[in-house]
Amino acid sequence: MPPKEPGPEKSIERIVREVGAYPVEAFDFVQRGLQFTVERMHGAAKAQNAKVSRHVTGQDLCEGLRQFALMQWGMLAGTVLKRWNVRRTDDFGRIVFAMVDNQWMQKTEHDNIDDFRNVFDFASAFEEGYRIESKT
């Protein structure tokens, strides 16, 4: 019998129940936001190629998630995240590492949850100075 490929053994729903702090929507947002961030940093072609490193740091991911949230919900981004109990960048880290611990995401030996600590202030990032970008 060939060795089992590493991969998720638990469903996201089960991880959500075990973590108990965030809804499944927050986990889905982080997964989609990771893809957004990888594509922004490395390009769409590289994001699709599994053999090429697509690593982003915790700080990079936090910034990518901020941009992704603002694209998705505009001025309501902070409100949506608060509704999911995501109030600090540390919460992004808890979600990411819950997925890492359950093989839904990967990390390098240099990555740790502290990489997500106090990356930015949510009030400043989502409420102050929000601008709608025009396409002109």
Side-chain angles (χ1 to χ4, degrees):
M1 186 174 225
K4 182 179 175 190
E5 289 287 320
E9 294 184 12
K10 295 180 186 176
S11 69
I12 288 290
E13 291 78 9
R14 182 171 171 193
I15 298 166
V16 166
R17 283 192 308 274
E18 289 175 359
V19 172
Y22 315 102
V24 70
E25 292 86 358
F27 283 76
D28 179 62
F29 168 76
V30 169
Q31 283 185 301
R32 291 183 301 116
L34 173 62
Q35 182 68 26
F36 169 84
T37 304
V38 168
E39 288 179 9
R40 274 257 166 117
M41 289 186 66
H42 301 294
K46 194 169 184 180
Q48 302 303 321
N49 186 346
K51 296 181 193 260
V52 177
S53 173
R54 326 178 282 192
H55 183 262
V56 296
T57 67
Q59 294 89 355
D60 292 336
L61 181 54
C62 286
E63 179 55 29
L65 291 171
R66 184 187 74 78
Q67 292 172 8
F68 188 59
L70 289 170
M71 274 183 36
Q72 296 286 302
W73 305 301
M75 293 181 70
L76 293 174
T79 302
V80 172
L81 293 169
K82 283 179 192 172
R83 185 164 187 230
W84 294 341
N85 202 30
V86 177
R87 292 173 164 71
R88 301 184 335 240
T89 57
D90 301 53
D91 293 315
F92 290 147
R94 287 187 191 98
I95 293 168
V96 166
F97 273 82
M99 288 194 280
V100 165
D101 291 344
N102 289 284
Q103 291 84 43
W104 280 88
M105 289 185 173
Q106 296 177 345
K107 71 176 191 76
T108 69
E109 63 186 49
H110 303 290
D111 295 324
N112 68 65
I113 198 162
D114 289 334
D115 297 338
F116 292 86
R117 189 171 313 272
N118 300 318
V119 176
F120 56 76
D121 174 70
F122 266 45
S124 299
F126 294 115
E127 296 165 18
E128 298 170 9
Y130 175 76
R131 294 185 318 265
I132 298 174
E133 295 182 23
S134 69
K135 295 185 180 190
T136 58

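Closest heavy-atom contact between Tyr22 and Trp84: CD2-O, 3.5 Å. In this structure, Ala98 and Phe27 approach most closely via the heavy-atom pair CB-CE2, 4.1 Å. Of all heavy-atom pairs between Asp91 and Asn85, the closest is OD2-O, 3.6 Å. Heavy-atom minimum distance, Asp111 versus Asp115: CA-OD2, 3.4 Å. Taking all atoms of both residues into account, the shortest heavy-atom contact from Val86 to Ala26 is CG2-CB, 4.2 Å. Considering every non-hydrogen atom in both Met105 and Gln31, the closest pair reads CE-CA, 4.1 Å.
Ring centers of Phe120 and Phe122: under 6.0 Å apart, within the cut-off.
The distance from the CZ atom of Arg83 to the OG1 atom of Thr79 is 10.5 Å, given to the nearest 0.5 Å. The OG1 atom of Thr37 sits 9.5 Å away from atom NE2 of His42, with the distance rounded to the nearest 0.5 Å. With rounding to the nearest 0.5 angstrom, the CZ atom of Phe97 is 6.0 Å from the CG atom of Asn112. If you take CG on Asp101 and CD1 on Ile113, they are separated by 8.5 Å, rounding to the nearest 0.5 Å.
Here Lys10 pairs with Glu18 in a salt bridge; the nearest charged N to carboxylate O distance falls below 4.0 Å.
By the 30° and 60° cut-offs, the orientation of the rings of Phe36 relative to Phe68 is tilted.
In this structure, the side chain of Thr89 does not engage the main chain of Cys62 through any donor-acceptor pair within 3.5 Å. Using modelled atom types, no side-chain atom of His110 and backbone atom of Thr57 make a donor-acceptor pair closer than 3.5 Å. The closest donor-acceptor contact from the side chain of Asn102 to the backbone of Trp104 lies at 3.5 Å or more, if one exists at all. Checked by atom type and distance alone, the side chain of Arg117 never pairs as donor or acceptor with a backbone atom of Asp90 at under 3.5 Å. Here the side chain of Asp28 pairs no donor or acceptor atom with the backbone of Val24 at under 3.5 angstrom.
More than 12 heavy atoms of other shown residues, nucleotides or ligands fall within 6.0 angstrom of atom CZ in Arg32. The environment of CD in Gln106 is sparse: at most 12 heavy-atom neighbours from other residues, nucleotides or ligands sit within 6.0 Å.
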- Message: Show, in sequence, the C-alpha distance, side-chain angles and deciding distance for Arg88 and Arg94, and conclude whether the side-chain contact (heavy atoms from CB on, under 4.5 Å) test is met.
- Response: CA-CA 10 Å; Arg88 301 184 335 240; Arg94 287 187 191 98; 3.4 Å; yes
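Using a 3.5 Å distance cut-off with no hydrogens or angles, the side chains of Gln35 and Glu39 do pair a donor with an acceptor. No side-chain donor from either of Glu63 and Gln59 sits under 3.5 Å from a side-chain acceptor of the other.
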